[in-house]
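Working notes, structure below.
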Amino acid sequence: MSESSAFYLLEERIQRFIWSEGWESLRDAQEAAIPLVLKGDRDVIVAAATAAGKTEAAFLPALTHVLQSDGPRLIVYISPLKALINDQFGRLDRLCEQLEIPVWPWHGDISSSVKARFLKKPEGVLLITPESLEALLCNRGTSVGTAFKGVAFFVVDELHAFIGSERGKQLQSLMHRVEQVLGRTVPRIGLSATLGDMGLAAGFLRPGRGADVALVTSAASGNDLRVLVKGYEEPQVVRGEGDDAEQEPMTPAQIAAELFSELRGTNNLVFPNSRREVERYTHLLNKLCLDRQVPKEFWPHHGSLSAEIRSETEAALKQKEQPATAVCTNTLELGIDIGAVKCVAQIGSPPTVASLRQRLGRSGRRKGEPATLRGFCIENALGGKPSLADELRLDTVQMTAMISLLIDRWFEPPMAHGAHLSTLVQQMLSFIAQNGGAPIGQLYDLFCAKSRPFEGVSKGEFVELVRHLGQKELLMQDSAGTLLHGRVGEKLVNHYTFYAAFAADEEFRIVAGGKSLGSLPVSQMLSVGQRILFAGRTWKVEEVDDEQKVIYVVRSGGGAPPLFSGGPGQVHTRVRQRMRELLESESTPSYLDAVARRFLSEARANYKARDLKNVYLLDLGGHVQVMTWLGDAANEALACLLQRLKFAAAASGPGVEVAKKGTVEDLRDALVDIGSEDAPPLEMLFAETKSLGREKWDWALPDPLLRKAYASLHINLSEAIAWAKAIC
DNA sequence: GACCTGCTGCGGTCTG
């Protein structure tokens, strides 16, 4: 500690705690963050890899500040996960006990007596979720000022998990509303995984004043990376007459066998990209354990499994006696403590480079040990009439492109530009609940004026919004002009589901022998007698209770993995460009095995045969494929621009699929027109497009605002038009 | 052709 200057800035009892823990030195992020946070007069982002001591980087100086000041005595920590609050409570409470500072966990599973005790003396450290904070503002409007009077800091954990979502917009609004009640700003400390563009994260943490946010980025570079990508070819299915039962694919069993022999005996994470595949692989892997008569060591983890089954998997990873591998979705991407793993297996191309990077952060955390990535690419055997995606081996090319971008240290910037006007509706209703009513001008200034969370909505648009919410009976106006809840608004605000800013599917609970296994979306209707794979085991449906939304199952052999609901992901333009560079290059990455190499050379041969370096319109018989090699948002913009010219067009993979109409030349002319004109206004762009609603309150928005909200997230017009300009 | 997150107040019944 002798070399650390920051250490001596900390309060004496905190110094003693650090000595007694036996820490040899402070991490670089802590060293840098301590003097910045300590003064308590500015916003700070601490960005570092998992387990680099971010929590301490915020709390050691924040607690010092609180202990040394006679004024404010409260730190509000906001987390996206209840599990993280429970983890942090254990860690912080040990330190704070010695400092005689109380720590208060507050979320849906915490008893109301704990909450009441905090409100009686609101001091110390409050650990809370955005939803619980929403409920607090909504239901205890009159005591918000007293409860938060002493707040010295907001600490936002896993900041990157909030950016780009309805929930992130809600978080910005909640912090702003507390500051508005207090009549002062409260320093915000954001803890985040390293993000490509820290400026975007800073603008998210403090809208309008991102430039003033201090940035601390850990210099500790990651360990070396070891990569191996294997190709697997799915043979063509030969179908008999009238044989329309879905064939089980062949390759998963081969991949499972490979994983079994490579991973057994160590701790690992396997990411097969969907809950359905998690079920498939967990079952295949544990069947291999059973066949070889060895203890089961593969555990499932995804969001539809019950909390009990998930914590079994987490406990299996944490304990040191038996090796354990989790087969999981991105539930294990966030900061829940699961210890270090030897290897990360990725089956199929990951959703984004950022997520691949986050997943790899779980591997090679011991000194000198490299992070290890084993990729698996599945492609269909060519023959007959292969699809363009098969011909170009797009999954293999995308996986390779993403790994090469990862090695170049590039990853997608955070999506900080979404308008999330759905959340504006929720926040207006909540603010009215908090204050018993509000004049329209006050609402506009609070939410939409400069540097506010919903800046960019004009006064005219806001008046139109209020009128529309009146029509939907969400709002009404009293004789003095004050806005109040309408009949429907009153009902919705007074239900507990109001506090979450995001929408959730209705679900059936799956119960076996009185124990809850998890849940399935109602869209996936199961019938009595059906066999399913769930929680890594096979079951038979015994009873379906439509009223209570419960499905009762018993153990049984056989069964297919169920379908879960979900929407499409978004591929960034940079990824598609790198895919194209790979297809035009001659060199082959050394980490590809023989089959993956063959896939890549087949893709290159077909790319060349179709002359895709020069040709951007492919006549595929029934339709024409426009090969833009742009990201999904730009392709969707181009599809809308074509729809406006009466083409039936839809974004599809690396381009846009257009139904045949006239000649290919007509389409070329249309693209030339698109490239030579300015972007049309949104009401013209979406004239042919219906159902733009995606977020929870989108149904309540007037059309112009709905179009604006949708475009801000899903449409990249400038890239699409620039592309059309360039091909002319 | 995806994934994830979260939730109050109150009235009823039971126990010591």
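We name chains A, B, ... by the order of the sequence lines, and we start the count at 1 in each one.
- In this structure, A:R694 atom CZ and B:dA2 atom P are separated by 15 Å, rounded to whole Å.
- Note on ring orientation: taking the six-membered ring where Trp is involved, the planes of A:F498 and A:W697 are perpendicular (angle over 60°, cut-offs 30° and 60°).
- Rounding to whole angstrom units, CD of residue A:E166 and C1' of B:dG6 are separated by 12 Å.
- The residue A:Y499 sits close only to the backbone: its heavy atoms come under 4.0 Å of sugar-phosphate atoms, none of a base.
- Under a 3.5 Å cut-off, the side chain of A:R576 and the backbone N or O of A:L630 do form a donor-acceptor pair.
- In terms of phosphate contacts, A:R275 brings a side-chain nitrogen or oxygen within less than 4.0 Å of OP1 or OP2 of B:dC3.
- Residue contacts shown for A:S132 are limited to sugar-phosphate atoms, with no base heavy atom under 4.0 Å away.
- In the set B:dG9, B:dC4, B:dC7, the nucleotide with an atom closest to the side chain of A:R140 is B:dG9.
- Of the candidates B:dC7, B:dT5, B:dC3, B:dT5 carries the atom nearest the A:L81 side chain, counting heavy atoms from C-beta on.
- Per the geometry, CD belonging to A:Q426 stands 11 Å off C1' belonging to B:dG6, to the nearest Å.
- Of the candidate nucleotides B:dC4, B:dA2, B:dC7, B:dA2 has the atom lying nearest to any side-chain atom of A:P351.
- Across all strands shown, A:N273 has heavy atoms under 4.0 Å from sugar-phosphate atoms exclusively, and none from any base.
- A straight line from CD of A:Q170 to C1' of B:dG6 spans 9 Å, rounded to a whole angstrom.
- Taking a cutoff of 4.0 Å between a charged side-chain nitrogen and a carboxylate oxygen, A:K169 and A:E166 do not qualify as a salt bridge.
- Side-chain atoms of A:E719 and A:T573 include a donor-acceptor pair closer than 3.5 Å.
- Side-chain N/O atoms of A:S165 include none lying less than 4.0 angstrom from OP1 or OP2 on B:dT5.
- Among the nucleotides B:dC4, B:dA2, B:dC7, the one closest to any side-chain atom of A:T497 is B:dC7.
- Of the residues A:M579, A:R580, A:R574, the one that meets the side chain to side chain contact (heavy atoms under 4.5 Å, CB included) test with A:Q577 is A:R574.
- Side-chain proximity of A:T329 to the nucleotides B:dC4, B:dT8, B:dA2 is greatest for B:dC4.
- In this structure, A:D157 places its CG atom 16 Å from P of B:dT5, rounding to the nearest Å.
- A salt bridge links A:R177 with A:E134; the closest basic N to acidic carboxylate O contact falls under 4.0 Å.
- Between A:R167 and A:E131 there is a salt bridge, with a side-chain nitrogen of the basic residue lying less than 4.0 Å from a carboxylate oxygen of the acidic one.
- A:H107 comes within 4.0 angstrom of sugar-phosphate atoms only, judged by non-hydrogen atoms across all strands, and of no base.
- Closest to the side chain of A:N330, out of B:dT5, B:dC7, B:dC3, is B:dC3.
- Aromatic stacking of A:F502 on B:dT5: satisfied, with centres closer than 5.5 Å and planes within an angle under 30 degrees.
- Residue-nucleotide stacking is present for A:Y496 and B:dT8, judged by a side-chain ring centre under 5.5 Å from the six-membered base ring centre and planes under 30° apart.
- Mapped onto DNA chain B by nearest heavy atom, A:Q398 and A:A500 fall at different nucleotides, with A:Q398 at the one closer to the 5' end.
- A:A161 comes within contact range of no nucleotide atom at all, as no heavy-atom separation falls under 4.0 Å.
- Atoms NZ (A:K115) and P (B:dG9) sit 7 Å apart, rounded to a whole Å.
- Residue A:R359 places none of its side-chain N or O atoms closer than 4.0 Å to OP1 or OP2 of B:dC3.
- Mapping A:D109 and A:S274 onto DNA chain B by nearest heavy atom places A:S274 at the nucleotide closer to the 5' end.
- Between the CD1 atom of A:I110 and the C1' atom of B:dG9 there is a distance of 17 Å, given to the nearest Å.
- Distance NE2 (A:H301) to P (B:dT5): 8 Å, rounded to an integer number of Å.
- Contact between the side-chain N/O atoms of A:T331 and the OP1/OP2 oxygens of B:dT5 is not found at any separation under 4.0 Å.
- For A:H302, whose side chain is taken as the heavy atoms from C-beta onward, the closest listed nucleotide among B:dC3, B:dC4, B:dG9 is B:dC4.
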